[in-house]
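The structure under discussion appears below in the form of structure tokens.
Letters A, B, ... mirror the listed sequences (proteins, then strands); counts begin at 1.
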There are 2 protein chains.
Amino acid sequence: MRGDPVTREPRYRQIAEELRHAITEHAYGPGGKLPSEGALAERYEVSRGTIRQALMLLRHDGLVTSRRGTRRVVLDDAPVQEFAQMQSFARWARSIGETPEGRVIRQGWHSADPDERRQLRIDADARVLRVVRLRLLSGRPAMLERTAYPEALGAIVETLPADTVSVTEFLEQAGVFVADAEHTIDLARADPQDAALLGCAVEDPLLRERRRSTDPAGVPLEWSEDRYLPGSVAFVVHNSLASTPMTRQHMVPVVRDSG
Amino acid sequence: MRGDPVTREPRYRQIAEELRHAITEHAYGPGGKLPSEGALAERYEVSRGTIRQALMLLRHDGLVTSRRGTRRVVLDDAPVQEFAQMQSFARWARSIGETPEGRVIRQGWHSADPDERRQLRIDADARVLRVVRLRLLSGRPAMLERTAYPEALGAIVETLPADTVSVTEFLEQAGVFVADAEHTIDLARADPQDAALLGCAVEDPLLRERRRSTDPAGVPLEWSEDRYLPGSVAFVVHNSLASTPMTRQHMVPVVRDSG
DNA sequence: CAGTGGTCTAGACCACGGG
DNA sequence: CCGTGGTCTAGACCACTGC
């Protein structure tokens, strides 16, 4: 009943959270130096290894540097968000003080096309549930989302009300968790459906995010193409020598069907 | 025979590299299971901790999952690149088999504007070197880059020939290394200069990447705005419960404030 | 030179998954 | 239940920075 979770938060995450707060409260920098690992280990009464785990989190988020020989330096109060917020439009919207809405525009079962088969790693004869959803921020259309779900997941999603605000949160209650996602960001032109629903003109430019999400076991959960009205959102990525989660991808001109 | 260079590659990185190769050669998956940490520790004759460091690298790159209770599962042969390739247009171009070119369009010293002062963390009276560079892929204009360098770095960049292919590689030879970068990706409209140099029309949509790079000590090195012709490039980002390097950023509609 | 973070070891206990 | 990865400890030595 109480907030006592089944599995308590690991010590190194608690420490990372405290340090993150200290940093965003400008206790050190920017440009300031963190205490040494040894000093932190003493302060928190843990081993140096635990401190290093905590600092690793901050480093991957781009909050601090680290190099041999000198103390860690505060880089910036970076705009860090939880994975859960990146993964859920509704959570993100709430975190910035907007009211998220969602409306299913169309929904139906289809046999998977080659792209869907590759992304969802399913057989040629498998079916997918395709859902088109309009996403709104405080009443204004912000994004149009076209998602394909594999059979098992589609059977759940299919039952949701058309105005479900957060599919992600519903799926979590059903025991479905997203653990990994790969995003491809580029530009697209509004097709007639985009234009009608987002309230722009056909051929207007949109920011496009294609996303493939998988569960903790590595099983693909969804393959989605989201189109954002320009001016409503930007994507921020941090990378470093320590981790390079972002890559450029070359696009060769492709021939598309006339639709 | 220990003829190793000054600093040898750490064991965990060697192991990660071997495993990465095995994965991309489809020795396990996709969907396959990796050997347990204990088995790998025995095979490579290292402690379990070292194996875990290696696996952590693969996990952050989105190559494998990891959860308690089961062996790691191969996710995909992900489009992983080195940080160095993400950071350098020329290196990236070569890696995809294209010939990179660069041309300085304009270059000059200015007093830093508020944006540059904040991004480069410099004083109000400091000067910056502003450089406008056109980047080409195999002869075709692909991107226009507007960069601001702080005084010390500008003094070096200023001396480069106008057709320098890789500024990054030159700076490395001068002992300047990029260790961290933050990227903001959204959409922009071509201004007259963009249009003239990229060969598009004014107001045409462009994919915009703003970037702030820092050195290993956390000192800002450059603040840049790159505008890509659509269709030439996409950005790919991997994130997970383990690390969330990407965030959405809300862009507030420009509202005229009435004093 | 002293202090720092990077690497590595050899243990330990626990939480979780799946048979 | 057993095997797995997640957390944590208490050391050790080394490479590097900066005085």
Which whole-number value in Å describes the distance from [X] [atom1] to [N] [atom2]?
| X | N | atom1 | atom2 | value |
| --- | --- | --- | --- | --- |
| A/Met56 | D/dT7 | CE | C1' | 14 Å |
| A/Glu42 | D/dG11 | CD | P | 13 Å |
| B/Glu9 | D/dC14 | CD | C1' | 16 Å |
| B/Leu34 | D/dG5 | CG | C1' | 12 Å |
| A/Leu55 | C/dG6 | CG | C1' | 13 Å |
| A/Arg8 | D/dT7 | CZ | P | 10 Å |
| B/Asp215 | D/dT17 | CG | P | 12 Å |
| A/Arg48 | D/dC14 | CZ | C1' | 11 Å |

Kindly give the heavy-atom pair with the smallest separation between A/Phe83 and B/Asn239, and that separation in Å.
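Result for this residue pair: CE1-OD1, 3.4 Å.
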What are the two closest non-hydrogen atoms of A/Ile185 and B/Met246, and how far apart are they?
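Between these two residues, the closest heavy atoms are CD1-SD, 4.0 Å.
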Give a yes/no answer on whether the side chain of [X] brings an N or O atom under 4.0 Å of OP1 or OP2 in [N].
| X | N | result |
| --- | --- | --- |
| B/Thr50 | C/dT9 | yes |
| B/Tyr12 | C/dT7 | yes |
| A/Arg72 | C/dG6 | yes |
| B/Thr70 | C/dC16 | no |

Exactly one of B/Arg210, B/Arg211, B/Arg146 should register a salt bridge (charged side-chain N to carboxylate O under 4.0 Å, His left out) with B/Glu222. Which one does?
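Among the candidates, only B/Arg211 passes.
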Relative orientation of the end axes in the helix from C/dC1-D/dG18 to C/dG18-D/dC1, expressed as an angle to the nearest 10° (five pairs per end):
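Answer for the end axes of this duplex: 20°.
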Pairwise side-chain contact, [X] with [Y], heavy-atom cut-off 4.5 Å (strictly under):
| X | Y | value |
| --- | --- | --- |
| B/Val236 | A/Glu182 | yes |
| A/Ile23 | A/Tyr28 | yes |
| A/Thr147 | A/Val167 | no |

For A/Gly69 and for A/Pro10, find the nucleotide of DNA chain D with the closest heavy atom, then tell me which residue's nucleotide is more 5'.
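The 5'-side residue here is A/Pro10.
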Which sits closer to the 5' end of DNA chain D, A/Gly49 or B/Gly38, going by the nucleotide each is nearest to?
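Going by which nucleotide is closer to the 5' end, it is B/Gly38.
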Please tell me which of B/Ser47 and A/Ala217 maps to the more 5' nucleotide of DNA chain C, matching each residue to the nucleotide holding its nearest heavy atom.
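The residue closer to the strand's 5' end, by nearest nucleotide, is B/Ser47.
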Across the strands shown, which category fits [X] at heavy-atom distances under 4.0 angstrom: base, sugar-phosphate, nothing?
| X | result |
| --- | --- |
| B/Arg52 | base |
| A/Arg67 | sugar-phosphate |
| A/Arg11 | sugar-phosphate |

Check: D/dG3 base within 3.5 Å donor-acceptor of B/Arg68 side chain
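Answer is no: no donor-acceptor pair is held.
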Does the pair B/Arg20/B/Asp61 count as a salt bridge with the N-to-O cut at 4.0 Å?
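Looking at B/Arg20 and B/Asp61, the cut-off is met.
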I want to check a possible cation-pi pair here: B/Arg127 against B/Trp109, using under 6.0 Å from ring centre and within 45° of the ring axis as the test.
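Judged by the rule (NZ or CZ under 6.0 Å from the ring centre, within 45° of its axis), B/Arg127 counts as positioned above B/Trp109.
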